[in-house]
Each structure stands twice: as C-alpha cells, then as structure tokens.
Amino acid sequence: MSETFELPKQYDFHSAWEKWYPWWEENGLFHSTPNPDKKPFTIVIPPPNVTGALHMGHALNNTLQDIQIRMKRMQGFEALWVPGTDHAGIATQAMVEKKLREEEGLTRNDIGRDAMVKRIWDWKDSFEKRIIGQLKKLSVSCDWDRLRFTLDPVCARAVRNTFFTFFEKGLIYRGKKLVNWDTALQTAVSDDEINNETHDGHFWYLKYPVIDPQEGDLEYVTVATTRPETMLGDTCVACHPEPRKQLDLLENAIREELAAAEAAGRDAEKAELEAKLETLLKRRETHLELLEKLAEMAKAGKKLMLPLANREIPLVTDIWAKPEMGTGCVKITPAHDPNDFEVGKRAMVPFISIMKKDGSLTAEASVYAWDGRKFANVTAEEPALSRTVPEKYVGMKMLEAREVIVADLEAAGILLKVEDHQHEVPVSDRSKTVIEPFLNDQWFVRMADLAQSAMDAVTDGRVQIFPERYAKTYLDWLSEKRDWPIGRQLWWGHRIPIWYVRAADGSEKMPTEDELKTAFADRSDVKWAWDEEGKEWWICLQDGELAKDALPGWELVQDDDVLDTWFSSALWPHSTLGWPEQTEELKYYYPTSVLITSRDIITLWVARMVLTGLQNCGEIPFPHVYIHPKILDKYGETMSKSKGNGIDPLDVIEKYGADALRLGVAWLATDSQDVRLPVDFECPHCGESVEQTKENRIRPRVKCPKCKEFFSTQWAKKEEDLALKRGTVISERFEMGRNFCNKLWNASRFAMMYLMEDLEEVSRPDYTLEPISDDELFMEDKWILSRLCTMAKMFTEGIEKYDYAACVRTLYDFTWDEFCSNYIEIAKYRLQTPELKPVAKRVVAFVLDALLKLWHPVIPLITEEVWQLMAKVAPKRGLTAEDLAREQPESIMNAPWFVDTANRIDPTIEAQFVVFQDVLKAVREIRARQNVPVKQEVKFAVKCPAEIAALILPMKPYFTSMAQAVLTECGPDAKMPELSSNATGANWELGVDLEGLIDVEAELKKNRTQREKLLGFIAGKEKKLSNEAFTAKAPAKVVDAERASLADLKAQLAAVEEAIARLER
RNA sequence: GGGCGAUUGGCUCAGUUGGUUAGAGCGCCGCCCUUACAAGGCGGAUGUCACAGGUUCGAGUCCUGUAUCGCCCACCA
C-alpha cells in the first residue's frame, strides 16, 4: 500500500491549523458571491473595537457565529460572513491620547487634529491586524475579502448618506446636552471613564429671600446644596406640588412593609422601618406646613431673589423635590446638574452656564433655552442675565469660587448652617480631576418615529430575539424614545457634515436664503436649515467637503465634532453591503440572517440597527437576534484587563488548540445570562496550574506553590519582576475540549487502521453504506445508525434554535459513549473476523464521516484534517449514489450536511439496545467489585423472558470481547450458577459464575445493601399507588408505568433474596 | 431606586411542556500502560436541588415571600 501513513497518537492542533487555515483562505473557501441558484445566509460580525485585543467574550461570540455559518454553508446556502472592526471613537482616542501623554508628554492640542488623527490610524492599523490575527487563529470562516472598518470609505458613504437624509427629513436638530466635562483635558468623557469617589464634603444651607411676600407668605426659602458655587447658575427653586400626598404615600408604603416584616418576624428589618417611620412622622410635624405653604406660593407664581447674582428666579413645583429629604425644596441649576437639567426643561426656565471649558467662571454666562418644548427664549426677555456672574468671580476655577462664594454668602447672612456630609464625586479616570457637568451644543436625532418603528418590528415578530426575555430590555429602552445625541467632542470619527457660515468681516451677519439658493442652485447634495436660536444657517453636504468659499462672499466652516460611534455601527448590516449603492450584494444578502451579540449592547446597537435598517432599506436588518451569555470569572465578576482576570484567547489556543477553545465556549453557551469561567495562572516553570485569587491576581509576581519559583503577571513593572518568566492566564476548562479532540482523533485513527488494510476495496465504486441491504446490517449497526440519525436531527434543529450547549453536549456524549465506547468496541470483534469485516468497516466509515461533518462547524480543524485523511483511505465513505454522481468537494467545509435520507431512525432498536448495554455494564461491575483479574474469563447466565433473550443472544461474542465474559445460558429457564455474583435489571437477572473467585462476604454485603435500597423504592411505589388520588387523577400512562416499575422492583427483590439465600448456604 | 438573572455533588454547570431511582466535565477512590486513545479504559463514591410557605395525585421544574450573589440601566439636593 503506497499511501500508508503513520498517525501520531495525539492530535497535533498546531500543525492542523498551519495546514488548513491558510489552505482554506488561499482556495477562497470563505469567499462568497451572490449566487442565484442558492439561498443566501448572511451574518455581519459585531465589529470588535480597535482599542485592544480580543478577549474570551469575543472568542465565544465569534465561535457561535462560525458554527451557524459553517453549518449553513454545508447545508447548501450561499453563506457570507462579513468581518470588520469598529473605530470606537471615545475609547480609541483615549488610548492614543494616553500613550501620547505617557510617552511624549504631549496632549492632542500640542500636535493638532491632523497629526492626532494620523496617529490614531496607525494605532488602528496595528490593532486591527492583531484582532484579525486572533480571529484567524480561532479558525473562523469570515470572508476576508470583504473586511470593513467603520471609518472606511464604504461605511463613510453610508454615514454621510444617512445623516443627509435624516437632516433633509428634519430628523436631525441641534440642542443642548449636559456632558461629563473634564476641565483638565478639556474634553467630554464617557460614563465609563468616570470613577465615583467618596469625598468628605458639606451641606450648605442657604436662604433665598422671597420677593414681595404677601400676608402669610414665608420670608425666605431654605435650600441645601453640596455645591454652593453653582448657585450663581440657579434659575429656579423647586418644591413638591403635593407634599402631603407624597408623605402619605411614603408613610403607607413604610407601614405596609412594616406589617410584612412583623408578620414574617424579621426583627432587624422591623426596627429599621420603625426608625424610618418615626423620622418621617417627625418630618410631617416640622416641615409639612411649610412645604404646603411653599407649594401654594409656587402655584401663585412667587419669585425669589437669587443672592449675590441679584436675579429673580421663580419658585416652581416639581416632583423631583422630595418632601422627605433635605429641606424639602431644592435649588435648580439646569446647566450644572443632570437632574436639574430635567427639572429645568419641565419648568421651562433658562439654562445658565457659569463655567468655561477650562473650569473657570465666565463673565458672560451663556444663556440657553432648550428648544424641544418651545419654552421662552429668555435671552430676549431678560438681557440682564448676561451679567449673571459677578465680575469679581470671573476667571476663578469652580473649586476656588466655592470658598469665595461661601464667604460672600456668609457675609451676606445668607448661609444658615453647614453640615458635614460624605458624598460621591465623579472623577475622571484619565486626569483624576473632578468631572463637571457641562452644557454643550449637541446634535440630536429625533427618536419618536424611528423608535416606534423599531419597537413594532419586535412586537409584530419580524425581528425575533433569543432568548425571548431580552425583548423586554429592547422594548423598555426604545419606549422612552429619548432623542439620540449624536455628536462627540472628539477628533476620531466621522466628522459631522454640517457647515456654518461666517461673515468675512467677522460680524454676525448671515446670508439670505436666496444667496444660498443661488450658490447651490444645481446641487441636490446640499441642504440647509435656519437655526432660529443661534440665528445661523446649517448647511449639510451629502458627500465630500464643502469648499471654504463655496458660498461667494462668505466663509464656510465645518463643525468640529464627530458623530457618535454608534451612528456608524447602526448602519453596519447595510453599509457593509454597499448601501446606499444598490449593489448586487445588498440585493442578494440583505436582510442578513441573524445577529449574534452580547446583551450589553441590545439597546445601543441592536435597536439602532433595526431602526436605521428600516429607515434606509425599508426592511429589518435581520429576522433573528441571538444574545449569548457573558463570560465571568469564578467570582462572578466581569473579566477585564484592569482586574487581571482576563484571558487572551491566543493563550488558550496555544495550549489547547482552537478546536478545544471553540468546543469549550460552545459548551458554555446556554440560555442563561452569565457563565463562569474559572481562571488560573499557568506556572511557566513547571506548567502547574496556579489558582488565581482576588489577592494574587493584583500582584506583580506570584510564587508557584509546586516548584516554589516566582513568575510575573501583567502588573510587573519593576525590572526584577519583569525579568521573571511570565505566567499566562488560562482556564482548565478547555482541557475537556482538547481531550475530546484527542478522542475523536484516535477513534479516527482506529477506523483508518482498518480501512487502510485494503485500499482496493474502499476505492470500489460501490463502497458506500447505501448499497448494503438491511439484511446485511447487524443489530448494532442498525442501532448506531439510528442513534446517529437521531442525534443529527437533534443537533441540526438545536443549532437552528441557537441551543448550542445542549447540541454540543449531546453530540459529545454520542461520539464518546455511543460511538467510541460502544459501537467501536463492539465492532472490534467483527473487524478482526474476516467474513464479518466488510460491513462493519462500511458502517464505521459511514458513521465517522457523518460525525466529522456534524462536528465540523464546532471544531473545524480536526474535522478537516481527518476528513482529508479519510478521503485517501475511504474516498467513497458516506456517499450516496447521488453524491457520487456529483463532483466531490475538496474540503469538508463544502461537504453536504448530514441528513438522514434513508429514514434510519428506529426507536425500537434504540430501546432494545439499552438492554445489552445494561447487561454488559452489570457484568463489568461485578468483575470490578469482585476484583476478577483482567484477563480471567468468566461465565455468566441471564434469566429473562424469551423476547429479551432474543436481543441478548446475538450479542454473545461482544460480551466476550468487551468483558471477558462468556454467556452460557440465556432465557426464561436459565439457571443461575451456584456460586455467583448477581445483578438485576428491568426484566432480567444475571449471575456471574465466580467459583473459586468470589468474596462471599463482599457479595453478601452488596446484596443486602441492594435489598434495602429496593425495599425503600418498593415502599415508595406502593404508597404512591395506594393513593387513590394518584390512580384517579394521574394519566393512565403514568400509573401503568408506576405499576410496571413496581412489579419489576419486586422481581428484582426476589432475585436478590434468592442470591442472598444461595450465598448464605 | 428600576429591570433581569442565579442559587442543584468539592469546583464549574446541564436538567425541554411538572411524571419512574436528578445528570455531565473537572476533581476524588479502586483496578488496568488490554495491539485507537494514560489527553485513555473499566468500575465506584459524593446531592434534604439556598430557605420558608403555597398550588398539585405528584415540584429541582409552577406561584408567593426571604436570604445571598451577580449583571444592565438610572441615580442620591
């Protein structure tokens, strides 16, 4: 045989990757083009951020996508998986700025916009390369020819087009929004770049005089604040509209809880509630009258005089003011506090910003009015407001101003008292300075209609979310219909395509609309709108840049900000396919087939993709959304680099292989929302796994408990630590996957060992399973084929419902237990018996081939490797005549998906076979228990009804080959050996002849234990069956089953009693 | 504060619409390097299914409450 090859005992996953991944790529097997003869199946990757390397969550996410894609490809779909990366504006720019600061001591302003953006592109290039490298190591079958990036020209065109149409439809407007402002870096920061720190602070109680108090009115209103400096920007004071009702409500709630706690006897809680109630009742006495009076005054339109600023501000009612807290009323600074911002909008009061971007106070405090609700344009009515901040404070930073203002307030007799108070202060992660809420111009998308369309898509079932419960997250968020702020004060991203007009002489003059009309007469790609508030034009351009002098006599300046990253990600399913061009791809592949992602971006991303898809393409972007679990560490904490509990998939792949990693994560993909993955260090010296604890994971060096050597961690900074070998972070969980692959490898090796014997035979045209008639098949053949088909059906249907974990576990059990441990072990006897060999070989080849195909989506490398080897030794394996007539695929990737075309599922055989398995197991158990030497053959007899005997007898040779046990007698009259060890099962009892081998005491002990156990079960059953309610109400099927089971238990008991009697003799 | 979820052997998790004696991987114990596989084979031990009620003939599974843990969102003048 010329093709003889020796296969190593262990599966070499490294060389399998080296061999097949580049081969797949070079042969264009990942590449998809529209093919009218096939149905499309499309997935767009959730584009990983170019901020850093991929983590386990990505490994999971991409494995699950690849499983779908590979299965569908084999099922004959034209499967396309579009890969790509996301520019992740804030995070990426932050990373590069940090690097710039740390390595060169420069800020972005030092090097300027163009240079900064260039540097971020370089960063992006290097990380994109790394990410793609990781994905390839994971062996995913993305169409790399279609790689996209959210800032590339194709995506940019889609972004510009969307912005332009939204602008045209009036869906985009400019408003005001509070952003988290870092005064040191002079930039907006995102919520996740903020840490809350507990600081010691104070409550300052201030009194604001009432203007022109009437008889019975209060003279002044007391408010408490932790930030007295913001009082200069106060534009109203709020109190609760119905303080009595609110207090009643609270009181009732507490009383109810109290009653419940009392009833349940929870004393600690009770005491707490009682204290709470007491406080509340006291408060009623001290504050209620005042608060009611205030509400009355507010409704009467009373105004207050804001101290220091000497500005009139209204007293308003708003439910934000909690009668049970503080003084019961609250000063409102809409431009400097997120809650006050909301109150301010509701109360329609001016928004006064008293801070400049550098954190100093401004003299010309800006006056803003939010246009969403059309409340008064205060600028016109109250010009005096431009002098809100007294001259002497100007230039002072917010914190300095606090001291001065407090001193002034005290001097003016406004300060009532000061209390110590601990409070949470938001601190910038990057600059470590206090974050100030800052009122900024912002572009918004009107969400009312868009959100509704996206909600409808889910409620009417056009978009289905798996698991279903996540639909609630989606709908709840969308139902708020909050307008979407789309501007970001960054340089990295799609620049907002809006141009402002500046007068050449620097004045505030604006051109007339006629001038615009003339200048852009033949340009359908330019639209404009008049901003009433800012008294200026907004000019929107669909593509490219608007020349500075495009409007004769005026200068055009583009908006500095860029679009929210999600604005471009939202278009991902159609932008990657070429929209707005009506490309072949868009027509063929859109809508995509499923979106697979994690739950934290259901709102930010999924919802927005649905609404832009509907808006731009008139169709949902995908009919299915599958939300997979989040991977946590063993403490249930999110994995992150900053904690040191993150795993680099490459480390796992290096140690266990991509197949093992994929199998491991697919095994975890249940429908629960989190899964835990215990994380350990691997000692680089001795290879021992060192448990990672919360304590050692933050240290720069860790000592291996086994070899006592130190290794370094990611925290190593000092030279002495860095000099140590690095301990990688991995998880033993992947051993399971590696071991399984090795098992499959060896089963294949075994199969091929026999298939190779006669290459001529396996190459014959009729060498498939198909031509074998049922008569030629042995019972075990029919059994394994039936089981295979049952499993294949379950697996296929399960994957289509995203039930990954169950599918993978099912197939795992089938492969290992049924195929390897049962079928192959049985087949050994036949494979070694010349006249029985041919059929057994065919069945082995057929089942193995089917298994490889079923497994391929999960573990692509090993399956390709074995499939290719099989192609040499059994080229016709598993193929039907129809298959043979076609050109054979060159890779398992394109092999036809296994389906049971011959209706091989036979539940009777499957059930029958269980008897064989049970008897075999019982014999083996007896041998093990009685310490019968491995090679010593024993005899055994089985007493059972004739129909059971008919199943057992044909298996006689296998008992010998698999358990060194010779079946001597089997049937209703079989006689138990005199000195035997016995076992019972449903409908049968067996005795292993242990003459000269038996440990009688051990046997008696076991039988007595068994007797007790049976007696227990019988008692339980009898009690159940004597219960008339049970026999009357339970379904007949269940009752019959119970009766049969009881009869069987009794028979078993009799057999055990008999065995005991024999042994005692 | 709102929403969602978890609690099952030492560890990490399965457990379909309630229905015989609750499973897996790892770990543990015993025997075996048997010619596919020691990353393996055969056998074994280990569970009051968090707690308290309820519905039901029957509850790990459904309902209510409690405790603990976690995730997401919003936030404490």
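Chain naming here is simple, since letters A, B, ... match the order of the sequence lines and numbering starts at 1 in each. Hydrogens, waters and symmetry mates play no part in the numbers below; they use all other heavy atoms, side chains included. If you're wondering where the values come from, they're calculated on a predicted model, not measured in any experiment.
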Distance, P atom - from rG3(B) to rU20(B), rounded to whole angstrom: 36 Å

Take atom P in rG54(B) and the same atom in rA59(B), then report the distance between them in whole Å. 12 Å

Need to verify one output field. Residue with the more 5' nearest nucleotide on RNA chain B, Asp674(A) or Thr226(A)? Asp674(A)

Would you please confirm or rule out a distance under 4.0 Å between OP1 or OP2 of rG19(B) and any side-chain N or O of Lys1024(A)? no

Give none if rC42(B) has no partner; otherwise give the nucleotide forming a Watson-Crick or G-U wobble pair with it, both distances under 3.5 Å. rG30(B)

Judged by modelled atom types alone, do Ser689(A) and Glu732(A) share a side-chain donor-acceptor pair under 3.5 Å? yes

Return the orientation label for the His202(A) and Trp204(A) ring planes: parallel under 30°, perpendicular over 60°, tilted otherwise. perpendicular

Side-chain contact check for Lys1021(A): nearest option of rU21(B), rU12(B), rA39(B) is rU21(B)

On RNA chain B, more 5' by nearest nucleotide between Lys472(A) and Lys1013(A) is Lys472(A)

When you measure only distances, ignoring hydrogens and angles, does the side chain of Lys828(A) come within 3.5 Å of the base of rA36(B) through a donor and an acceptor? yes

When rounded to the nearest Å, what value does the distance between C1' atoms of rG60(B) and rU56(B) take? 16 Å

For the residue pair Tyr656(A) and Phe734(A), does the interplanar ring angle fall in the parallel (under 30°), tilted (30 to 60°) or perpendicular (over 60°) class? tilted

Kindly say whether, by distance alone, the side chain of Arg738(A) makes a donor-acceptor pair under 3.5 Å with the base of rA39(B)? yes

From the options rC37(B), rA24(B), rC4(B), select the nucleotide whose nearest atom is closest to the side chain of Arg469(A). rC4(B)

Tell me the partner of rA36(B), counting only Watson-Crick (N1-N3 plus N6-O4 or O6-N4) or G-U wobble (N1-O2 and O6-N3) with both under 3.5 Å; none if nothing fits. none

Considering only atom P, compute the distance from rA24(B) to rU46(B) and round it to an integer number of Å. 13 Å

For the OH atom of Tyr208(A) and the CE atom of Met231(A), what is their distance to the nearest 0.5 Å? 4.0 Å

Which base sits across from rG53(B) as a Watson-Crick or G-U pair, both distances under 3.5 Å? rC63(B)

Separation between NE2 of His240(A) and CG of Asp318(A), rounded to the nearest 0.5 Å: 8.5 Å

Taking the minimum atom-to-atom distance to the side chain of Arg924(A), which one of rG40(B), rC42(B), rC57(B) wins? rC42(B)

For the side chain of Phe750(A), counting heavy atoms from C-beta on, which of rU21(B), rA39(B), rA36(B) is nearest? rA36(B)

Looking at every strand, decide which applies to Val675(A) at a 4.0 Å heavy-atom threshold: base, sugar-phosphate, or nothing. sugar-phosphate

Under 4.0 Å from any atom of RNA chain B, heavy atoms only: list the residues of residues 817-826 of chain A that qualify, in numerical order. Cys820(A), Ser821(A), Ile824(A), Glu825(A)

Which part of the nucleic acid, if any, lies within reach of Ile602(A) when heavy atoms closer than 4.0 Å are counted: base, sugar-phosphate only, or nothing? nothing

Now, which nucleotide makes the Watson-Crick or G-U wobble pair with rA77(B), with each of the two distances under 3.5 Å? none

Between rC4(B) and Lys630(A), is there an OP1 or OP2 to side-chain N/O distance shorter than 4.0 Å? no

Could you check whether Tyr470(A) gets within reach of a base, just the sugar-phosphate, or nothing at all, counting any heavy atom under 4.0 Å? nothing

Residue-phosphate contact under 4.0 Å: Asn746(A) side-chain N/O, rG40(B) OP1/OP2: no

With a non-hydrogen cut-off below 4.0 angstrom, is Ser672(A) in contact with a base, only sugar-phosphate, or nothing? sugar-phosphate

Given that both distances must come in under 3.5 Å, which nucleotide forms a Watson-Crick or G-U wobble pair with rG18(B)? none

Looking at rA39(B), does its base get a donor-acceptor pair with the side chain of Gln10(A) below 3.5 Å? yes

Nucleotide opposite rG58(B) in a Watson-Crick or G-U pair, distances under 3.5 Å: none

Remember a base hit wins even if backbone is also touched, and classify Tyr812(A) as base, sugar-phosphate or nothing at under 4.0 Å, heavy atoms. sugar-phosphate

Is any side-chain N or O of Arg676(A) closer than 4.0 Å to OP1 or OP2 of rC13(B)? yes

Going by the angle between their ring planes, with limits at 30° and 60°, are Tyr11(A) and Trp745(A) parallel, tilted or perpendicular? tilted

Please confirm whether the shortest side-chain N or O distance from Asn339(A) to OP1 or OP2 of rA77(B) is below 4.0 Å. no

Check: Leu7(A) and Asn746(A) side chains under 4.5 Å, non-hydrogen atoms: no

Euclidean distance, Ile647(A) CD1 relative to Ile631(A) CD1, rounded to 0.5 Å: 8.0 Å

Residue-phosphate contact under 4.0 Å: Lys801(A) side-chain N/O, rU16(B) OP1/OP2: no

May I ask you to say what Pro338(A) touches in the nucleic acid, namely base, sugar-phosphate or nothing, with a heavy-atom cut-off under 4.0 Å? nothing

Paired with rC69(B): which nucleotide, if any, by Watson-Crick or G-U wobble criteria at under 3.5 Å for both distances? rG5(B)

rC63(B) to rG47(B) separation - P atoms, rounded to the nearest Å: 29 Å

Taking the same atom, C1', in rC49(B) and in rG23(B), what whole-Å distance lies between them? 12 Å

Just N and O in the side chain of Thr670(A): are any of them under 4.0 Å from OP1 or OP2 of rA14(B)? yes

Measure the spacing between OG1 of Thr1031(A) and NZ of Lys1024(A) and express it to the nearest 0.5 Å. 11.5 Å

If you look at every strand shown and take non-hydrogen atoms under 4.0 Å, does Asp340(A) touch a base, only sugar-phosphate, or nothing? nothing

Is Trp816(A) close enough to rG41(B) that one of its side-chain N or O atoms is under 4.0 Å from OP1 or OP2 there? yes

Can you check the distance between rG10(B) and rC28(B), where both ends of the measurement are the P atom (answer in whole Å)? 15 Å

Distance, C1' atom - from rG41(B) to rA36(B), rounded to whole angstrom: 12 Å

Geometric cation-pi criterion Lys841(A) and Tyr754(A), 6.0 Å radius, 45° cone: no

Under 3.5 Å for both donor-acceptor distances, Watson-Crick or wobble: does rG25(B) have a partner, and if so which one? rC11(B)

